[in-house]
Engineer: 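Got a structure for you, questions after.
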Amino acid sequence: MKIIVTDCDHDNMIQEEEVFGKAGMTYTHLACKTEDDLIEQAKGGEIMMTQYGPFSRRVMEALRPELKLILRYGVGVNTIDLEAATQLGVQVCNVPDYGMNEVADQAMGMMLGLARKICEMNDCTKHKTWNYTEAIPVHRIPGSTVGIVGFGRIGRTFAKRMMGFDCRRIACDPVYEEGSVHEGVEIVTLDTLLKESDMISVHCPLLPETMNMINMEAFKKMKPTAYLVNTARGGIVNEGDLLTALQEKMIAGAALDVVSEEPMEVGAALFEFDNFLCSPHMAWYSQESALELKRKIAEEAVRFAKGEPVMYPVNHL
């Protein structure tokens, strides 16, 4: 089968080449950025491996009937029209488990950074004064309530991390029944989670129903002492409303690894706040996870090409 990497900005393709080499397969590496690029350059491809490629209905219709599989470098598939893919008989897969530990670790690190005011006090100590009272108030973490929005692979991994801090852990996720308990985590409604949590970590996918889910209405329900962390997808937290929430001290602080429009430019209004932490969409990254991602996406392509069942289907044909 004809395999095309539509776009990939990684330094090299060593992992992919090794996997395809062992299977006796080859691939073509393109640099498609737009729908027109995909339509013009990827015609004839049966398996598409994509990082940022915009696979709209228009693109998929233009690439049919050859197009059979779209593989996403990563977890999120918001650049792919899943409804259209299913209707057109195009299988979509991602790699949902390559960076679970890294994202959970980043979320935990950001949460601890906020709650213990580590970054604020680092700057204060280096540039102002050696005085712990500059951090007041700081609240004890054991005994607090941690809310987890989205209880999938990463949400569950994060919950395991927080278990060691002797926190009450609650989560909301439509997959689970409200009131049930899983691995010591109570499933509650989003409304309950917002009202009762001292720290909230977002781990849900970006879907129409989660777009701008953490908005002004949500901030009004949160405790003024609560912290918010989002390492999931930009667009889930409304950044304009977050800015207002920080300006009006509706919450105690926030940390984002993802934003709706990346990159967030130097000088952004949110950067003015000492209680706002930001990292450049790096939660997924470690040397190990980067290699795992590349290996697993190539292995999924090989399975499909050989007629074997795929491991990570996103849609069901």
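All of these numbers come straight from a predicted model, not from anything done at the bench.
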Engineer: Under a 4.0 Å N-O cut-off, is there an ion pair linking Arg58 with Asp36?
Structural biologist: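 So Arg58 pairs with Asp36 through a salt bridge.
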Engineer: Taking Lys68 for the side chain and Ala305 for the main chain, is one N or O donor matched with an acceptor at less than 3.5 Å?
Structural biologist: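 It does not hold such a pair.
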Engineer: Do Glu134 and Thr129 get their side chains close enough for a donor-acceptor pair, meaning under 3.5 Å?
Structural biologist: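 Not at all, the side chains of Glu134 and Thr129 share no donor-acceptor pair under 3.5 Å.
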Engineer: Give me the ring orientation class for Tyr98 and Trp284: parallel if the planes are under 30° apart, tilted from 30 to 60°, perpendicular past 60°.
Structural biologist: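 The arrangement is tilted - the two ring planes meet at 30° to 60°.
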Engineer: Which atoms form the tightest heavy-atom contact between Asp37 and Ala31, and what is the distance?
Structural biologist: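 It is OD2-O, 4.5 Å.
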Engineer: Could you label the plane-to-plane angle of the His10 and Tyr73 rings as parallel, tilted or perpendicular, counting under 30° as parallel and over 60° as perpendicular?
Structural biologist: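 It falls in the perpendicular class, over 60°.
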Engineer: For Glu261, look at atom CD and say whether over 12 heavy atoms of other residues, nucleotides or ligands are found less than 6.0 Å away.
Structural biologist: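 Counting other residues, nucleotides and ligands, CD of Glu261 stays at 12 neighbours or fewer.
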Engineer: Is it true that a side-chain atom of Asp274 and a backbone atom of Glu120 form a donor plus acceptor pair closer than 3.5 Å?
Structural biologist: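 No: the side chain of Asp274 does not pair with the backbone of Glu120.
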Engineer: Can you tell whether the side chains of Glu300 and Lys296 come within less than 4.0 Å, N to carboxylate O?
Structural biologist: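 Between Lys296 and Glu300 there is no salt bridge, as every charged N stays at least 4.0 Å from the carboxylate O atoms.
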Engineer: Whether the side chain of Arg72 engages the backbone of Gly76 through a donor-acceptor N/O pair (distance < 3.5 Å, no angle test) should be reported.
Structural biologist: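 Confirmed, Arg72 side chain pairs with Gly76 backbone.
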Engineer: Return the CD to OH distance between Glu17 and Tyr27, rounded to the nearest 0.5 Å.
Structural biologist: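 Going from the CD atom of Glu17 to the OH atom of Tyr27 covers 4.0 Å.
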Engineer: Is any side-chain heavy atom of Val149 less than 4.5 Å from a side-chain heavy atom of Leu194?
Structural biologist: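 No - every pair of side-chain heavy atoms lies 4.5 Å or more apart.
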Engineer: Pick out which of His182, Glu178, Glu177 makes a side-chain hydrogen bond (donor to acceptor under 3.5 Å, both in side chains) with Ser180.
Structural biologist: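 The residue from His182, Glu178, Glu177 that satisfies side-chain hydrogen bond (donor to acceptor under 3.5 Å, both in side chains) with Ser180 turns out to be His182.
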Engineer: Does Asn215 reach the main-chain N or O of Asn212 with its side chain, forming a donor-acceptor pair under 3.5 Å?
Structural biologist: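 Judged by distance alone, yes, a pair lies under 3.5 Å.
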Engineer: Please indicate whether Lys220 has more than 12 foreign heavy atoms, meaning atoms of other residues, nucleotides or ligands, lying under 6.0 Å from its NZ.
Structural biologist: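 12 or below, so no.
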Engineer: With no hydrogens and no angle check, is any side-chain donor or acceptor of Asn78 less than 3.5 Å from a backbone partner on Leu206?
Structural biologist: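 Looks like no, no N/O pair under 3.5 Å.
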Engineer: Between Thr133 and Asn131, do the side chains contain a donor N or O and an acceptor N or O under 3.5 Å apart?
Structural biologist: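 The answer is yes; a qualifying pair exists.
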Engineer: Any donor-acceptor pair under 3.5 Å linking the side chain of Ser286 with the backbone of Ser289?
Structural biologist: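 It does hold such a pair.
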Engineer: Run Val19 and Glu16 through side-chain contact (heavy atoms from CB on, under 4.5 Å) and show every step you take.
Structural biologist: CA-CA 5 Å; Val19 172; Glu16 293 90 334; 5.9 Å; no
Engineer: For the side chain of Thr79 and the backbone of Tyr52, is there at least one donor-acceptor N/O pair under 3.5 Å apart?
Structural biologist: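 No, the answer is negative, given that no donor and acceptor are paired below the 3.5 Å cut-off.
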Engineer: Do Lys33 and Asp7 meet the salt-bridge criterion of a basic N to acidic O distance under 4.0 Å?
Structural biologist: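 So Asp7 does not pair with Lys33 through a salt bridge.
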Engineer: Could you check whether any side-chain N or O of Arg169 sits under 3.5 Å from a backbone N or O of Val146, counting only pairs where one atom can act as donor and the other as acceptor?
Structural biologist: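 No, Arg169 side chain to Val146 backbone: no donor-acceptor pair under 3.5 Å.
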Engineer: Going by an N to O cut-off under 4.0 Å, is there a salt bridge joining Lys2 and Glu66?
Structural biologist: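 Here Lys2 does not pair with Glu66 in a salt bridge, since their nearest N and O are not under 4.0 Å apart.
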